[in-house]
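Notes for the one structure printed next.
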Amino acid sequence: MSEKNQKTVSRIKEVESTNLAPDNIRNEVIETKKAVEKDNDLLAERIHQNFKEHNVKSFDIVGAIGAGKTALLETISQRLTTKYRVLVICGDITTRVDADRIEKHNAETIQINTGRECALNAYHIHQIIKNKDLNKYDIVFIENVGNLICPSDFILGTDQRIIIVSITEGEWVVEKHPMLFKMSDIAVINKIDLKERLGTNVDKMISDAKKINPNIKVITTSAKTGENVEKLMSLMGF
Amino acid sequence: MKEELSKIEELSKEYENIDISDIKMLMQKFFTKLRNRLENYVGDYPTFIEPVYLEDNVKIGDDVLIGPNVYIGANSEIQDYVEISNTIIFENVKVGQNFKLENCIVAKNSSFNFNNLNMKNSVLFGVAESKDELKTKDF
Ligand SMILES: Nc1nc2c(ncn2[C@@H]2O[C@H](COP(=O)(O)OP(=O)(O)OP(=O)(O)O)[C@@H](O)[C@H]2O)c(=O)[nH]1
Ligand SMILES: [Mg+2]
């Protein structure tokens, strides 16, 4: 590839929407985007195969900023690490805050700082597990970057995807972000302990999730009081 | 960690006399001990997969992916679109745009003043204005 072409391709990676592509490279942008998506999916498939071959249960935890992904992983890790060897991969723009929190509950952690990328992709996960001996783990959790949009573009090759929102985001949060609900196996509506205080219409959130994806299992939880955490774990297969 | 590092530095100092077998083993050992250190770099939030250890004043360009298992010595510069994993870069090194380095060692004061290179399992040395001028030793 010529240097000019390389530059174009590098630029294409940054063009979030095809609408932004100048007409003269529009085709190239579309083809490149397709190729990138395909690569991600192929890599995800290989990752999943790898997890399965090593009998590792794997989960991709996605959800809104501050919905309680880390808080739930803290309490779940606490309960699981007595029996299982748990690895948690934490995705954040920057800092090691979440990994440090989870590490206190006896899980091994790896932090990925995505910098300016708003979701983890299969390549990030691939880079980690190719350096790891998967025989050393029973469960891998991946906490994705807090975001209800970007993670829908990149599957990671896990057994299940769990989407977490909380009632503080308002009762419209589910219907406004259908894509991730479509692609998830379990929907968690967290911070249920605040229901009285906020008066959020939780039934609407539950029925919206079911409308978007009739196969999704929906559960309300509180990471704070522990309400339904065991139930969530049994939905996950523990 | 620093002990292995100085041994690797010693071994990869002279292009003519590197002992590759020792380097491989030392690198393995070094990476198991590698910790995270991400303060004091200059750049706009690149992607890091830990562990990544950056000495002071490392310059990092845009759209760069560093890690896992990367050490970069002081005052080194990593330009745009670079990807580095399982690699040791010693101090005062310059890496051009769109380099992909996997399982490599870059000797102190090296400067690669060109773009686009994909290297695996190699020690890289010296000052090079193009790929042809690059001195490498595979392992
Ligand atoms: N009342 C209440 N607070 C909660 C609950 N779950 C989490 N929180 C609080 O909500 C805040 C954000 O929780 P996190 O666990 O950091 O949320 P997160 O989804 O990991 O956030 P990001 O990783 O930044 O996207 C923290 O202050 C938690 O203590 C809950 O069930 N009830
Ligand atoms: Mg979090």
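What you are looking at is a predicted structure, and each value in this text was computed from that prediction instead of being measured. The analysis underlying the following values was restricted to heavy atoms, covering all of them including side chains, and did not include hydrogens, waters or symmetry mates.
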Rounded distance [0.5 Å steps], OG1 in A:T94 versus CZ in B:F48: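 Between atom OG1 of A:T94 and atom CZ of B:F48 there are 8.0 Å.
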Euclidean distance, A:I93 CD1 relative to B:Y45 OH, rounded to 0.5 Å: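 The distance works out to 10.5 Å.
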For [X], look at atom [atom1] and say whether over 12 heavy atoms of other residues, nucleotides or ligands are found less than 6.0 Å away.
X	atom1	answer
B:E129	CD	yes
A:K130	NZ	yes
B:K131	NZ	no
A:R79	CZ	yes
B:K29	NZ	no

Report which part of [X] has an atom under 4.5 Å of a heavy atom belonging to chain A: side chain, backbone, both, or neither.
X	result
B:E39	neither
B:I66	neither
B:N86	side chain

Contact origin within A:Q127 toward chain B - heavy atom pairs under 4.5 Å: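 Both parts, heavy atoms under 4.5 Å.
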Is it true that B:D62 and A:R116 make a salt bridge, defined as a side-chain N closer than 4.0 Å to a carboxylate O?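 Salt bridge flag = yes for A:R116 with B:D62.
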Going by atom types only, do A:Y123 and B:E83 share a side-chain donor-acceptor pair under 3.5 Å?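 A:Y123 vs B:E83: donor-acceptor pair found between side chains.
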With heavy-atom distances below 4.5 Å as the criterion, would you say the side chains of B:T47 and A:H124 are in contact?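 Yes, close enough: below the 4.5 Å cut-off.
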Can you give me the closest heavy-atom contact between A:Q111 and B:E50, atom names plus distance?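 Closest approach of A:Q111 to B:E50: N-OE2, 2.7 Å.
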Over all heavy atoms of both residues, which pair between A:I128 and B:I49 is shortest? Give the atoms and the distance, please.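 A:I128 and B:I49 have their closest heavy atoms at CG1-CG2, 3.4 Å.
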